[in-house]
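Just so it is clear: chains get the letters A, B, ... in the order the sequence lines come, proteins before strands, and each one is counted from 1. Everything numeric in this text was worked out from a predicted model, so none of it was measured. The analysis underlying the following values was restricted to heavy atoms, covering all of them including side chains, and did not include hydrogens, waters or symmetry mates.
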Amino acid sequence: MKYLDEFRNPEIAERLFAEIRRITTRPWAIMEVCGGQTHSIIRNGIDQLLPPEIELIHGPGCPVCVTPLEIIDKALAIAAQPGVIFCSFGDMLRVPGSSADLFRVKSEGADVRIVYSPLDAVKLAQANPERQVVFFGIGFETTAPANAMAVFQARQLGLRNFSMLVSHVLVPPAIAAIMESPHSRVQAFLAAGHVCSVMGYWEYEPLVERYRTPIVVTGFEPLDVLEGIRRAVAQLEAGEARLENAYPRAVRREGNLPAQQMLADVFTVTDRGWRGIGVIPQSGWRLSDRYRDFDAEVRFAVTDIHTQESAICRSGEVLQGLLKPNQCPAFGKECTPRTPLGATMVSSEGACAAYYQYGRFVQSEYDAQDAL
Amino acid sequence: MCLGIPGRVMEIYETNGVRMGKVDFAGITKEVCLAYVPEIAVGDYTIVHVGFAITQLDEASAQESLRLFEEMGVLEEELGEVSG
């Protein structure tokens, strides 16, 4: 596929690895924020081919993983109501709520449907005027313009039977929260390329200033990830802290202005709980007051939610980069993609799922030798 | 979930007052919302996420990145050969 295959070329990757090896003289800890990048790193073994001084810390950029348990439980309660068609991205279906997941609710008779685009949910609402269609609107800034368009279109079409359960999260406040944490070891960030395609990267300039930490806007293919790492290491080695764009084919400083205009109309910034992490101020979007009628939380007024997290799941530490997935005692034992205890084992962007899928059952060769 | 796939715009039209189009991904064609890329034309490349074009792919910039990657380390190799 054009503009995909070229950025997966192993010979050029070797050049980038060689360059990173050449410039690295000291240990550095770099966080890739986005779960899509985590999967690219683990799938391609990038972390194992880097010089041993460089540690990649996996960040919280997995929207399914950080969607608060209370919202999952609300989704389950709404989906179970008679007459509701509950639409979601496929990733969400196996995410464990307090006592069930959407698959379970579906098997018990609820009408839960996987959609590819939020506009498919709007079409379902048009085609089923006697039913209430609810879309589970989660995601980072990348997904928000799509979800916003669905609500906007539903309003334009005067659809009274469409609503959205919104749990949107934002990257810059999460980076700030990580840097404010006394446990953080992160010395540089790879910012999520497609988030910046939408929002631009000017929002990160104050973060670079405040925390004196390099931030490199980075893409998702192996060469993109390596270039992001190379630039971060070059800055760290030189004692610099700058904002760089290593994904210029998809990211401009100002971002996508028509999308931002739509976002400003449909959403408004709010405090948001992140599963496993806690509330981060001003770190999410909810529907703006103009679109309150389309808010599923208002329409269905679900109360009486009593959340109960798994007692042994340590996904919160994984999401904050404090624990590698295979350091969790439950990893690959009680917790597998078929029997997930936490959302990080479910999502195609979850770090635990990446480690499981690509066979990272042991921490390193040294640990394996210890185990023998 | 933030994955975006590059594809080539094949056709542009309107549905429900929204700019839509057909985008080709190496032989697979999908309907994509083009509302957020008002300047994109047939033949241009875009990056698609959950059925939405989120940005136009800058082809000149893509070639420039590849050129820089290919040159990487070449200077050091040559210098190495000279000094070796």
Derivation of the side-chain contact (heavy atoms from CB on, under 4.5 Å) call for B:Thr55 and A:Arg252 | CA-CA 9 Å; B:Thr55 187; A:Arg252 261 66 77 187; 3.0 Å; yes
Under 4.5 Å from any heavy atom of chain A, what part of [X] do you find: side chain, backbone, both or neither?
{"X": "B:Pro38", "value": "side chain"}
{"X": "B:Phe52", "value": "side chain"}
{"X": "B:Phe25", "value": "both"}
{"X": "B:Leu68", "value": "neither"}
{"X": "B:Leu57", "value": "both"}
{"X": "B:Gln63", "value": "side chain"}

Heavy-atom proximity to chain B below 4.5 Å, by part of [X]:
{"X": "A:Gln153", "value": "side chain"}
{"X": "A:Val195", "value": "side chain"}
{"X": "A:Ala259", "value": "both"}
{"X": "A:Tyr116", "value": "both"}
{"X": "A:Leu257", "value": "neither"}
{"X": "A:Gln126", "value": "side chain"}
{"X": "A:Met149", "value": "both"}
{"X": "A:Leu223", "value": "both"}
{"X": "A:Ala192", "value": "neither"}

Check side-chain contact (heavy atoms from CB on, under 4.5 Å) between A:Glu237 and all other residues, then give those that pass, not counting sequence neighbours.
->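 A:Thr24, A:Thr25, A:Arg26, A:Trp28, A:Val233.
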Set of residues satisfying side-chain contact (heavy atoms from CB on, under 4.5 Å) with respect to A:Glu244, sequence neighbours excluded = A:Val216, A:Arg231, A:Gln235, A:Arg242
Please name all residues satisfying side chain to side chain donor-acceptor pair (under 3.5 Å) with A:His194, sequence neighbours left out, ordered by chain then number.
-> A:Tyr247
Do you know which of [options] has the most heavy-atom pairs under 4.5 Å to chain B?
{"options": "A:Ala18, A:Ala146, A:Ser197", "value": "A:Ala146"}
{"options": "A:Arg230, A:Gln260, A:Glu141, A:Gln261", "value": "A:Arg230"}
{"options": "A:Ser117, A:Gly35, A:Gly219", "value": "A:Ser117"}

Student check: side-chain heavy atoms of [X] and [Y] closer than 4.5 Å:
{"X": "A:His39", "Y": "B:Leu3", "value": "no"}
{"X": "B:Glu70", "Y": "A:Asn9", "value": "no"}
{"X": "A:Phe7", "Y": "B:Leu66", "value": "yes"}
{"X": "A:Glu227", "Y": "B:Met72", "value": "yes"}

side-chain contact (heavy atoms from CB on, under 4.5 Å) between B:Tyr36 and A:Val198: does it pass, once the steps are laid out?
-> CA-CA 9 Å; B:Tyr36 298 128; A:Val198 172; over 6 Å; no
Is the number of heavy atoms from other residues, nucleotides or ligands within 6.0 Å of NZ (B:Lys22) greater than 12?
->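 Yes, the 6.0 Å shell around NZ holds more than 12 heavy atoms from other groups.
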Assess whether atom CD of A:Glu11 is packed by more than 12 heavy atoms of other residues, nucleotides or ligands within 6.0 Å.
-> no
Apply side-chain contact (heavy atoms from CB on, under 4.5 Å) to A:Lys2 and B:Glu59, showing your working.
-> CA-CA 10 Å; A:Lys2 199 170 179 199; B:Glu59 296 188 66; 4.0 Å; yes
Using heavy atoms and a sub-4.5 Å threshold, report which of residues 8-17 of chain B line up against chain A, by residue number.
-> B:Thr15, B:Asn16
Give the member of B:Ile5, B:Val18, B:Val32, B:Val37 that has the highest number of heavy-atom pairs under 4.5 Å with chain A.
-> B:Val18
If you measure from the Lys or Arg side-chain nitrogens to the Asp or Glu carboxylate oxygens, is any gap between A:Lys123 and B:Glu31 under 4.0 Å?
->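 Salt bridge: yes.
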Taking all atoms of both residues into account, what is the closest heavy-atom pair of B:Ser65 and A:Pro248, and its distance?
->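 Between these two residues, the closest heavy atoms are OG-CG, 3.9 Å.
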Check step by step if side-chain contact (heavy atoms from CB on, under 4.5 Å) holds for B:Glu64 and A:Arg249.
-> CA-CA 9 Å; B:Glu64 174 67 8; A:Arg249 70 181 182 282; over 6 Å; no
In Å, rounded to the nearest 0.5 Å, how long is the span from CG of A:Asn256 to CD1 of B:Ile47?
-> 11.5 Å
